[in-house]
A.B. asks: 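I'd like to ask some things about the structure below.
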Amino acid sequence: MPFETDRLIFGPDDVDLSRSPLAGSLDAETFVLGAFNPGLTRLASGNLLMMVRVAEALREPVANGHVHSIRWDAGRYVRDAWPLELCDTSDPRTFLVRGGAWQVIALTSLSWLLPVELTPDGLAIVAIHYDRAIAPAAPFQCYGIEDARISRVDGRWLMTSCSVSPERHSTTLYSSDNGLDWRFEDIVLDHQNKDMLIFEGRIDRQYWAQTRPLGSLYFAYPPGSPWRAGPSINLATSPDALHWKPHREPGLRPHADTVATARMGGGTPPILTPDGWLTLWHGVEPKEIVGIYRTYWSLLDPDDPSRVLRGDHGPLLEANPELTRPIEDRIYVRDIVFTTGIADAGDHYIVASGESDLACRITHIPKHRFGL
C-alpha cells in the first residue's frame, strides 16, 4: 500500500567527493555509485541521524585489458588490476574472478559511512558530517564498510556494520555516547554472518541480536514442512554486546509456500512496542542476477523473540520507480528496497531504506499498519 509521506532524502549527487576519505589518494577519477542503506537513530537533540553507505567507484574501471577495484592498504587507497578474460562483470556491483573451486568476487566500489543529520521528521537535511565519516582502518576492512544499523540501548548507541576483505566478510561493532562520534569496538561476528541487528533493549539483562549467517549449503526440511531451506534470520545473545552466543531456537525462516522470501535478512533493529518487538526485514525473490528485494514485518514475543506473534505475508514496502525517476540516468539495478533504520515519531514510524542501491528513502508508516 502507498504511504502519504514517502520520498528520497539523500542521493549520490548530495555527496561532495572532495571531502571523501579517498580524495587525493588515487590516480583515477571516482564517482558515487550509490548513497544508500542508511542506519537511522534519533539524537538527544531530537534530530535524526542517518549513517549513509557511500559506494565510491572508479569512473573507468576497465582499462588496458584489465578490470580494476579499489582497496585500502595501510592508510592509503590503491587500484588492483584483474585480467578481463578471467572475470565475469555481468553484475554491476561486483565482478567474479574465475578459476577457483568456489565463488571468488571483487567489488566495483569501495564503501564508507557518512553521517547525515536530518530534521526530527526526517524530511530535510540539517548537516552532512564529513568530519565524522567512518572509513576503512584495518586490513579486515580493506574493501570497505557497508550497511550500518544503529540501536540505542541503555543510553548508549551501538552500530553494527559489514567489514569486507579477503580475510573475512565480518560484522564489526562501533559505539557512541552521543550518536555522532563513533569509536571502533571490534569484530563481533565472523565470516559471512551479517545483517546483525541489536535489539533496542535488553531481555533479562542480556543483549539480543538478529543475525544472518550465509553458506553455500543448506539441509532440506522434510516434505510438507512449512519452511524452505536457505538463509534465515537467527538470534544471538550477549552479556556485553561484544561476545555473542547463538540462540538455540530459530528466528525468522523463509516460508515454503512463497518464493518472494526465498532469501531473507534483517532490516531494522527490533524496537519494543506495547505488543512485542517490531522488526522489519527483507525478502528476496529470485530474478535475473540480483533478485527483487521487498520489506516485510514481524512482531516478536517481548520475552522470547524466537516466537512470532504476528506479521504479514504481503510486503510492507516495494521499490518505487517514481521515486528514482528524476535520477533515472544513475540507475544500475532495479527492484530493490533495502530497509535499514526505524525511529519512533508518535503515531507513526519513520523508516529509512536504500532505494535501488542508489539513494536514501524516508517513509512515514502509521503504527496502525502494524496493529499498534
A.B. asks: For a side chain to side chain donor-acceptor pair (under 3.5 Å) check, start with the C-alpha distance between Ser216 and Trp102, then their side-chain angles and the critical distance, and finish with the verdict.
C.D. replies: CA-CA 9 Å; Ser216 58; Trp102 40 80; over 6 Å; no
A.B. asks: Using the rule that Ile, Leu, Val, Met, Phe, Trp and Tyr join whenever any side-chain heavy atoms are under 4.5 Å apart, tell me whether Leu252 and Tyr221 fall into a single cluster.
C.D. replies: no
A.B. asks: One thing to verify: whether Glu200 and Arg152 come together as a salt bridge, which I'm taking to mean a side-chain N less than 4.0 angstrom from a carboxylate O.
C.D. replies: no
A.B. asks: Should the ring pair Tyr207 and Trp244 be called parallel, tilted or perpendicular, given that the plane angle runs from 0 to 90° and is split at 30 and 60?
C.D. replies: perpendicular
A.B. asks: Is Arg325 paired with Glu328 through a side-chain N to carboxylate O contact shorter than 4.0 Å?
C.D. replies: no
A.B. asks: Which class fits the ring pair His255 and His313: parallel under 30°, tilted 30 to 60°, perpendicular over 60°?
C.D. replies: perpendicular
A.B. asks: Quick one: do Arg19 and Asp131 make a salt bridge, cutoff under 4.0 Å?
C.D. replies: no
A.B. asks: Should the ring pair Tyr174 and Phe184 be called parallel, tilted or perpendicular, given that the plane angle runs from 0 to 90° and is split at 30 and 60?
C.D. replies: perpendicular
A.B. asks: Walk me through it: do Cys360 and Ile9 pass the test side-chain contact (heavy atoms from CB on, under 4.5 Å)?
C.D. replies: CA-CA 6 Å; Cys360 297; Ile9 185 65; 4.0 Å; yes
A.B. asks: Pick one: which of Asp301, Leu309, Leu372 meets side-chain contact (heavy atoms from CB on, under 4.5 Å) with Asp275?
C.D. replies: Leu372
A.B. asks: For His364 and Asp121, run side-chain contact (heavy atoms from CB on, under 4.5 Å): C-alpha distance rounded to whole Å, both residues' side-chain angles, the deciding distance at 0.1 Å, then the answer.
C.D. replies: CA-CA 9 Å; His364 289 188; Asp121 60 6; 4.3 Å; yes
A.B. asks: Assigning hydrophobic clusters by single linkage (Ile, Leu, Val, Met, Phe, Trp, Tyr; side-chain heavy-atom cutoff under 4.5 Å), is Ile362 placed with Val54?
C.D. replies: yes
A.B. asks: List the steps and the verdict of side chain to side chain donor-acceptor pair (under 3.5 Å) for Asp190 and Asn193.
C.D. replies: CA-CA 6 Å; Asp190 213 332; Asn193 199 348; over 6 Å; no
A.B. asks: With no hydrogens and no angle check, is any side-chain donor or acceptor of Thr160 less than 3.5 Å from a backbone partner on Met196?
C.D. replies: yes
A.B. asks: Please state whether the rings of Trp281 and Tyr296 are parallel, tilted or perpendicular, taking 30° and 60° as the class boundaries.
C.D. replies: parallel
A.B. asks: Taking the six-membered ring where the residue is Trp, are the ring centres of His68 and Trp82 under 6.0 Å apart?
C.D. replies: no
A.B. asks: Hey, mind stepping through Lys194 and Leu189 against side-chain contact (heavy atoms from CB on, under 4.5 Å) and telling me if it holds?
C.D. replies: CA-CA 7 Å; Lys194 50 183 290 191; Leu189 295 179; over 6 Å; no
A.B. asks: Regarding Arg42 and Asp344, does a basic nitrogen lie under 4.0 Å from an acidic carboxylate oxygen?
C.D. replies: no
A.B. asks: Using 4.0 Å as the upper bound for N to carboxylate O, is an ion pair formed by Arg330 and Asp13?
C.D. replies: yes
A.B. asks: What verdict does the side-chain contact (heavy atoms from CB on, under 4.5 Å) test give for Ser90 and Ile289, after you've listed the backbone C-alpha separation in whole Å, the side-chain angles of each residue and the deciding distance to 0.1 Å?
C.D. replies: CA-CA 8 Å; Ser90 56; Ile289 296 174; 3.8 Å; yes
